[in-house]
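To keep things clear, I will list the structure first and then write my remarks on it.
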Amino acid sequence: MGILETLLVALALGCDAFAVGMGVGVRFCNSRQVFRLSFHFGLFQLLMPLAGWFLGKNAAGLVSQWGPWISFGLLCFIGGRMTYESLRREVPEVEGECPDPTRGFSLVVLSIATSLDAFGVGFSFGLLGKSLFISALWIGLTAAMMTWSAMRIGRRLSEQFGRRMETAGGLLLLGIAFKLLLA
């Protein structure tokens, strides 16, 4: 695959990371959170095609069967919680009301959820006997950059539009959850 095709695939695969990054960025956007989410999304987008390359057809069938349900559940939880917290009538915001999705188990599951497509790309590369490492590297770097920019955009929108953007971010995550389930 040429450089243009690789970049187009990387951009297509980075769209989920961009959407989730924007949704998370409206509420969680300090430098550490941006780094953690961008780094992990990029790392998983790099590793998942490599895992797809090395795993056989049976493992790919298992991931495609359960992966969307796991992603759906986590994104619904995080998106629902963000939406609920943004719609509460309480004016003072208490730090830590909504768990930080850029930490712990949520971070790992979000990273996996946004990179399942990359697993499929890696698996298909393996079936075709194509070289993968350079493409996987581009995919990972592109996802990291798209996540970073999405979180920054989400933060700016949140600063301008306040809690309405947090509600929109939560609803965006819920929409992505249903998209993953129906796809």
Side-chain angles (χ1 to χ4, degrees), residues 10-51 67-68 70-119 136-181:
L11 286 171
L13 291 174
C15 286
D16 283 344
F18 184 86
V20 172
M22 186 173 291
V24 171
V26 298
R27 170 90 188 243
F28 303 95
C29 198
N30 69 38
S31 296
R32 283 186 170 183
Q33 292 165 324
V34 171
F35 174 77
R36 274 194 306 259
L37 198 66
S38 299
F39 175 80
H40 283 86
F41 280 13
L43 179 66
F44 275 74
Q45 288 279 359
L46 167 72
L47 295 177
M48 289 297 269
L50 296 174
I70 294 168
S71 301
F72 172 78
L74 184 67
L75 288 173
C76 276
F77 174 75
I78 293 170
R81 181 80 183 219
M82 283 178 67
T83 303
Y84 171 76
E85 293 296 334
S86 72
L87 294 174
R88 288 179 64 188
R89 293 286 180 200
E90 297 175 16
V91 175
E93 257 187 64
V94 178
E95 187 66 30
E97 280 181 351
C98 185
D100 183 354
T102 69
R103 299 181 67 106
F105 184 69
S106 294
L107 175 61
V108 173
V109 177
L110 280 175
S111 297
I112 291 170
T114 58
S115 62
L116 285 175
D117 294 347
F119 179 87
L137 186 60
W138 278 107
I139 290 167
L141 289 172
T142 302
M145 290 186 298
M146 289 176 75
T147 303
W148 180 85
S149 61
M151 289 188 77
R152 295 297 183 188
I153 292 169
R155 182 185 60 139
R156 287 213 172 97
L157 291 173
S158 180
E159 288 170 356
Q160 284 184 333
F161 299 104
R163 296 191 104 172
R164 288 177 283 172
M165 281 311 299
E166 188 177 331
T167 303
L171 293 174
L172 177 65
L173 292 179
L174 288 169
I176 293 168
F178 282 99
K179 176 203 163 263
L180 287 172
L181 190 62

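Worth knowing before you read on, the calculation uses all heavy atoms, side chains too, and leaves out hydrogens, waters and symmetry mates.
Summarising the geometry, atom CZ belonging to Phe35 is positioned 12.5 Å from atom CG belonging to Asn30; distances are rounded to the nearest 0.5 Å. Rounded to the nearest 0.5 Å, atoms CE (Met22) and CE (Met146) are 9.5 Å apart. Summarising the geometry, atom CD belonging to Gln33 is positioned 8.5 Å from atom CZ belonging to Arg103; distances are rounded to the nearest 0.5 Å.
Nearest heavy-atom pair, Phe28 versus Met151, reported as atom, atom and distance to 0.1 Å: O-CE, 3.0 Å. Counting all heavy atoms, side chain and backbone alike, Gly21 lies closest to Leu37 at CA-CD2, 4.1 Å. Nearest approach of Ala143 to Ala17, heavy atoms of both residues: O-CB, 4.3 Å.
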Side-chain atoms of residues 38-51: list all donor-acceptor pairs with protein atoms under 3.5 Å, sequence neighbours left out, distances to 0.1 Å.
residue : atom : partner : partner atom : Å
Ser38   : OG   : Val34   : O            : 2.8
Ser38   : OG   : Trp148  : N            : 3.2
His40   : ND1  : Arg36   : O            : 2.8
Gln45   : NE2  : Leu13   : O            : 3.3
Gln45   : NE2  : Thr114  : O            : 2.8

